[in-house]
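Inspection log for the structure reproduced underneath, given as structure tokens.
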Amino acid sequence: MIDLKYLEKNYEEATDKLIKKGVDREVLDKLNSLFITHKEALKSYEDSKAQQNQLSKQFGTYKKEGKDIAPLKQEIDELKIVINSKQEKAREISQQVEEYALNIPNFPDDSVPNGESEDDNVELRKILNPKEFSFKPKEHWELSEINGWIDFGRGVKLAKSRFSVLRGDGARLERALINFFLDENRAKGFEEVAVPFINNRDMLQGTGQLPKFEDDLFKIEDENLFLIPTAEVPLTNLYNDEILRADELPKLLTAYTPCFRKEAGSAGRDTRGMIRQHQFSKVEMVAIANPQNSEEIFQMMVSNASDILSKLGLPHRVVELCYGDLGFSASKTIDLEVWLPGQNQYREISSISTTKEFQARRAKIRFKDGKKNSLVHTLNGSALAVGRTIVAIMENYQNEDGSVDIPEALKKYM
RNA sequence: CGGGAGAUGUCAGAGUGGUCGAAUGUGCCGGUCUUGAAAACCGGUGAGGGUAAUACCUCCGGGGGUUCGAAUCCCCCUCUCCCGGCCA
């Protein structure tokens, strides 16, 4: 959630940023005026309430002293009518404030480049050169028809479209990658965590998937539970509503989980192959950080993911997202895009974001900052998306006969 | 899923209608003492809002109710523990 006091005090600056991120000015006007109205309504309610508390105390004293309490009671009774209506009004406005506020995206960082879409993202650097093939490289789904690693048809039979089955060396490769990624992350200081793949509504709200993106989530019927769309949710919310000591920061966490996404709105995109599935494996990094050094940690997370790709010998590029392409919770995001020779293009394989205080405010994650309690910064990033890494390995390590070599770094894992 | 008990500050644990945001112990921070440490003693120490700082408001699992007044009484929900059933 954005800081509403900041919005109020720096209204022009704040709205400029959010409008560039696609928020309507009217919505912000409305939110800001609701916020101010709420403060006034609350103050008015609290003043009356203070008066009532005072009179109630008197009531006790009067009774003890045997004085006549009838007039006092009448006074309180009348006051209570006023209080009740004031309270209801304040509560009503407060709910509206919340409703609006929870649907406002994060402020982009000042360093984020301008631009409206994916096309305006800025390439920072390329790492490793794409290999020259002496034949026309195939796409991964063509290769899987030859080597049998991915069974798309039976995935659809078991569940529905956008589900698939890994078999034989394909399944072993997935397992090897998960272990490789977790080991790499652990070597960088991340604690390995195994988490529930189902989280409740409060947690999804804490990281920003709810209330706005409920349509993108698989919900458990008759329960207040959802399949997680990313391990960012359980890992970040591990510290939901907690106050950490400054000396335990940063918390560096990593977990393997399957991720479940409805992919509502992406009909027709990447329908063929394993690029966009309802269920996919991912190893995630999360950092709960002191704002003082969260930028450093952000860069560390980017290099970690990039290093892993390099160790696998996968050519990739580092791209900074522009205003328009930033996700809801992100203040700044860097994507890693891996080269897919079959598709002849770079495709996203990792996305590293800092949300600054945005998630911390929603999830109430604080730390003892000297005398006072301050919000932490939360960061998350994939290291890496497993399904897409399998695709990348298949396409980059393919031979003319459709067989696929295993990268050197993975040999000890399979 | 059935039967019973419970949910209070870091933790443990008092508090059953009024001055209780809450005894006591413990933990933590600071001080005295000490060459240093321990022990002992003294002081401080929950969260959110509000304010220049105070006042002030809210919070004793969550929601609603009774009452002038609720941690305390009533209702609903959630969760935890014990017993039984089912089960990896």
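Proteins get letters first, then strands, A, B, ... in listed order; numbering begins at 1 in each. All values below were derived from every heavy atom in this structure, side-chain atoms included, with hydrogens, water molecules and symmetry-related copies excluded.
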Searching all strands shown, indicate the nucleotide that pairs with [N] (Watson-Crick or G-U wobble; both distances under 3.5 Å).
N: B/rA5; answer: B/rU80
N: B/rG50; answer: none
N: B/rU19; answer: none
N: B/rA40; answer: B/rU32

From [atom1] of [X] over to [atom2] of [N], roughly how many Å is that when rounded to an integer?
X: A/Lys73; N: B/rC68; atom1: NZ; atom2: P; answer: 3 Å
X: A/Asp222; N: B/rC1; atom1: CG; atom2: P; answer: 12 Å
X: A/Arg361; N: B/rG49; atom1: CZ; atom2: C1'; answer: 14 Å
X: A/Asn373; N: B/rC59; atom1: CG; atom2: P; answer: 20 Å
X: A/Glu242; N: B/rC11; atom1: CD; atom2: P; answer: 10 Å

Have a look at A/Leu55 and say if it touches a base, only the backbone sugar-phosphate, or nothing, with a 4.0 Å heavy-atom cut-off. nothing

Using heavy atoms to find the nearest nucleotide of RNA chain B for A/Phe35 and A/Gly60 separately, return the residue whose nucleotide is more 5′. A/Gly60

Per-nt protein contacts along nucleotides 52-58 of chain B (heavy atom under 4.0 Å; B base, S backbone sugar-phosphate only, - none) come out as ----SBS

From the options A/Arg162, A/Arg276, A/Arg269, select the one residue that forms a salt bridge (Lys or Arg N to Asp or Glu O under 4.0 Å) with A/Glu263. A/Arg276

Check whether any side-chain N or O of [X] sits under 4.0 Å from OP1 or OP2 of [N], and answer yes or no.
X: A/Lys5; N: B/rG50; answer: yes
X: A/Gln52; N: B/rC68; answer: no
X: A/Lys368; N: B/rA47; answer: yes

Test: A/Asp183 and A/Lys412 ion pair at under 4.0 Å: no

Would you call A/Lys368-A/Asp247 a salt bridge at under 4.0 Å N-O? no

Decide whether A/Thr355 and A/Thr378 meet the rule of one side-chain donor and one side-chain acceptor closer than 3.5 Å. yes

Find the distance between CD (A/Glu142) and CG (A/Asn147) and round it off to the nearest 0.5 Å. 12.0 Å

Would you say that A/Ile406 contacts A/Met414 through its side chain, given a criterion of any heavy-atom pair below 4.5 Å between the two side chains? yes

